[in-house]
Amino acid sequence: MKRLMNLFSPAIFFMDRLKYGQKFVLIGFMILLLFGITLYVVLAHTEQVGELISFIEYIKDESGLKLEANGEDVLQLRQQQAIIAVASLLILLLIFYLFVAFYISVLRAVYELKRAALRVMRGRLDTRAEVRTQDELAQVGVAFNKMIDSFRKMLKEREKDKRQIEHLAYHDALTGLPNRSLGYDRLQTVLNEARTKKTSFTVMFVDVDSVKEVNDTYGHDTGDRLLKAVARRIQGSVDEGDTVARMGGDEFLIVLPHINGEALARQKAEQILDELYQPLVIDGRELFISVSIGISLYPHDGHDLQTLVSRAGMAMQYAKISGRSEYRLYEPGMDQEWNERMRMEASLLQALERNEFFLEYQPRLDLLQGKMTGVEALIRWRHPERGLIPPYEFIPLAEENGAINAIGRWVLHSVAKQIRSWQEEGLPPFVISVNISAIQFHAEDFVDQVRETIQHYGIDPGQIELELTESIVMNQAESAIEKLKRLKDLGVRISIDDFGTGFSSLSYLKYFPIDTLKIDRSFIKDIPVGEKDLAITKTIIAPGRRLKLKVVAEGVETKAQYDFLLSRRCNEVQGFLISRPLQAEKIGDFVFRSGVV
């Protein structure tokens, strides 16, 4: 077969370089040539034979002799016939040779395309159809290769899209971290391995405390960039093989397969806190954040995924309650406490509808005149099962779950309604202080709430004093000043509560449109014994008066405290020595006993 192919190689090589039309023209020409030669020879031969026969017949007729053809003439005739036969045979063989070469050339190209197609069917998309001809089949081969290239490109794009879809399905779109689903999957893998090998590991639940404030102040785009930066910081704080997953919002799950004890877990938590304590530069601003971390250990704190995650999350909530930038390990008693907290939260959300809140009012006294200047409205919760719950237990919970806005509006309306009621009873006008939470103050419609409340009840805005903590006005000072000015334009009074507990400068207060400073009770309780408290109190009273601010001391419970404050010319005092918080109907009696400034 190989020799046969070698025999036909020149013709095949020649045929490969012709187009199909050229091949058919060539073979057709050879056939026509053969036919022409044959026809010519036949006609010529017939003519010669006819002439010879006619000549012999003529001689016979003339001579009456019996003549036969000359032997030489016959031999010559036969030689011509042989030459013609050989030439015809050679042409016929040439035609056959070219035709076989043509057939092999076509067949080889077709087989090459078939083999390439079979390789593609087996998944070999790198296949190339090597058609060596220069005819139309070569163009088919080129088209076939282009089709395979397009198909391979399409499959690559599909594979890329598939990987992208899978990535999006299992990764967080913002941070690129594993999402909740993939985080749980990896945690389950670590858990299964730990069960098999009898080892332990650590689960951490991280909550970024500052994201909401950043969103409210600088916008959600800055908040998103902050989350991405936090994710990078956390990921840079763990080792290869550890998992950091974004659970959603500002929460992250960390799985640490090689942290197998409480001491190592504490060390890793402190490392993460230290890393996140460093300021983050977002859009040219230095932002400081705080995080709360909860920790659960396998198998000490749980034997399944849900238990480990929920207990780490529970410990994180306790860390958040304890203060920012804290971590807590899960403790067995947390379950019961947390369940109680959840029940309280559920009750808190229904307390307004059930009218379980009420207000009490604690009088403030002018030190020089000994008369009442106003009262502070204090919210109370009468729980149907637990009885009276103090504000320090439910206010932080209300701030966490968002109920504080509704509660704050209720307090504001209740105070305005009570002012109107006291006016109708004929009591002289006095100031009622209302505590405002940071969340309530930073609400976009807070100024409108105050305006609408005053207008609805038709009261003097000067009788309402809004008490804001030092941290509310000092953080985001520029926006706070602008909002305070809008409130002052309504005619209400502004008071800074718990002053001295932060790190603010008294001289900075001149930029704030405020009326009153309230010295925190923590500085009053040890007066006149505590030297530091004495110094701080003096430092607040004297400059406060120079700034023409009214200075009020809270938590006055002893005569010694009263006398000291009087000697320092503090304007007003408030505390149990003056009066405990009173119900609204008893304020009238206090007013008539003490009088009103």
Side-chain angles (χ1 to χ4, degrees), residues 163-190 201-259 264-296 305 308-317 319-320 323-328 400:
R163 288 196 300 269
Q164 187 174 4
I165 291 171
E166 289 178 352
H167 183 83
L168 291 175
Y170 293 105
H171 290 80
D172 175 57
L174 177 64
T175 63
L177 293 175
N179 60 11
R180 180 192 298 267
S181 178
L182 183 56
Y184 280 170
D185 183 65
R186 291 186 180 179
L187 174 55
Q188 188 63 54
T189 301
V190 172
F201 64 90
T202 298
V203 176
M204 291 185 180
F205 205 101
V206 181
D207 181 85
V208 185
D209 301 318
S210 314
V211 175
K212 187 178 186 305
E213 289 83 349
V214 172
N215 286 337
D216 293 342
T217 306
Y218 303 112
H220 287 273
D221 288 342
T222 301
D224 288 345
R225 285 190 281 274
L226 174 66
L227 279 173
K228 292 170 69 174
V230 169
R232 288 193 295 269
R233 287 270 181 101
I234 296 176
Q235 205 165 20
S237 301
V238 301
D239 300 325
E240 187 176 353
D242 298 338
T243 295
V244 179
R246 187 184 179 200
M247 301 297 283
D250 51 10
E251 295 177 339
F252 297 86
L253 179 73
I254 305 177
V255 183
L256 305 165
H258 307 296
I259 303 298
L264 291 176
R266 290 181 182 275
Q267 182 179 346
K268 178 58 71 173
E270 290 170 0
Q271 178 187 344
I272 295 173
L273 289 175
D274 289 342
E275 186 68 26
L276 293 175
Y277 181 77
Q278 304 301 320
L280 294 164
V281 179
I282 308 294
D283 297 335
R285 305 184 187 94
E286 277 196 348
L287 299 179
F288 292 85
I289 65 166
S290 60
V291 299
S292 301
I293 302 177
I295 303 170
S296 63
L305 183 148
L308 289 168
V309 173
S310 64
R311 289 182 171 175
M314 193 179 301
M316 181 272 294
Q317 294 292 347
K320 182 177 289 192
R324 298 191 170 191
S325 292
E326 296 285 343
Y327 71 88
R328 289 285 299 273
E400 288 181 23

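In this structure a side-chain-to-backbone donor-acceptor pair under 3.5 Å is present from Thr202 to Ile259.
The number of heavy-atom neighbours closer than 6.0 Å to OH of Tyr170, taken from other residues, nucleotides and ligands shown, is 12 or below. Counting heavy atoms of neighbouring residues, nucleotides and ligands inside a 6.0 Å radius, atom CD of Glu275 exceeds 12 of them.
Each of Arg311, Glu251, Met204 was checked for a side chain to side chain contact (heavy atoms under 4.5 Å, CB included) with Met316, and the lone residue meeting it is Glu251. When the options Val206, Val211, Val208, Asp250 are evaluated for a side chain to side chain contact (heavy atoms under 4.5 Å, CB included) with Val230, the one that passes is Val208.
The salt bridge (charged side-chain N to carboxylate O under 4.0 Å, His left out) search around Asp283 returns Arg225, not counting sequence neighbours. Evaluation of the side-chain contact (heavy atoms from CB on, under 4.5 Å) rule for Tyr277 yields no partner, not counting sequence neighbours. Every residue two or more places apart in sequence or in another chain that forms a side-chain contact (heavy atoms from CB on, under 4.5 Å) with Glu326 is listed here: Ala319. Looking at residues two or more places apart in sequence or on another chain, you find a ring-ring contact (aromatic ring centres under 6.0 Å, His included) between Phe201 and Tyr298.
Using a 4.5 Å heavy-atom cutoff, the side chains of Val281 and Glu286 are in contact. A heavy-atom distance below 4.5 Å is not found between the side chains of Phe205 and Ile293. Ile234 is not listed as a side-chain neighbour of Val291, based on a closest heavy-atom distance of 4.5 Å or more.
With rounding to the nearest 0.5 Å, the separation of CG in Leu256 from NE2 in His258 is 9.5 Å. Here the CD1 atom belonging to Ile282 is positioned 8.0 Å from the OG1 atom belonging to Thr222, to the nearest 0.5 angstrom. Atom CG in Leu227 sits 8.5 Å away from atom CD1 in Ile289 (nearest 0.5 Å). A distance of 7.0 Å separates CG in Asp209 from OG in Ser325, rounded to the nearest 0.5 Å. To the nearest 0.5 Å, atom CZ of residue Arg328 and atom OG of residue Ser296 are 14.0 Å apart. Atom CG of residue Asn179 and atom CG of residue Leu253 lie 11.5 Å apart, to the nearest 0.5 angstrom.
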Step by step, work out the side-chain contact (heavy atoms from CB on, under 4.5 Å) result for Gln271 and Asp274. CA-CA 5 Å; Gln271 178 187 344; Asp274 289 342; 5.7 Å; no
CA sep, side-chain torsions, deciding dist, call: Tyr327, Ile272, side-chain contact (heavy atoms from CB on, under 4.5 Å): CA-CA 10 Å; Tyr327 71 88; Ile272 295 173; over 6 Å; no
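Nearest heavy-atom pair across Ile295 and Ala315 is N-CB, 3.8 Å.
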Report, one line per pair, each donor and acceptor closer than 3.5 Å where one atom sits in a side chain of residues 235-243; sequence neighbours left out.
from   : atom 1 : to     : atom 2 : distance (Å)
Ser237 : OG     : Arg233 : O      : 2.8
Asp242 : OD2    : Asp239 : N      : 2.9

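Sorted by first and then second residue, the salt bridge (charged side-chain N to carboxylate O under 4.0 Å, His left out) pairs involving residues 167-184 (not counting sequence neighbours) are Asp172-Arg246.
With no hydrogens or angles considered, no side-chain donor-acceptor pair links Lys320 and Gln317 at under 3.5 Å.
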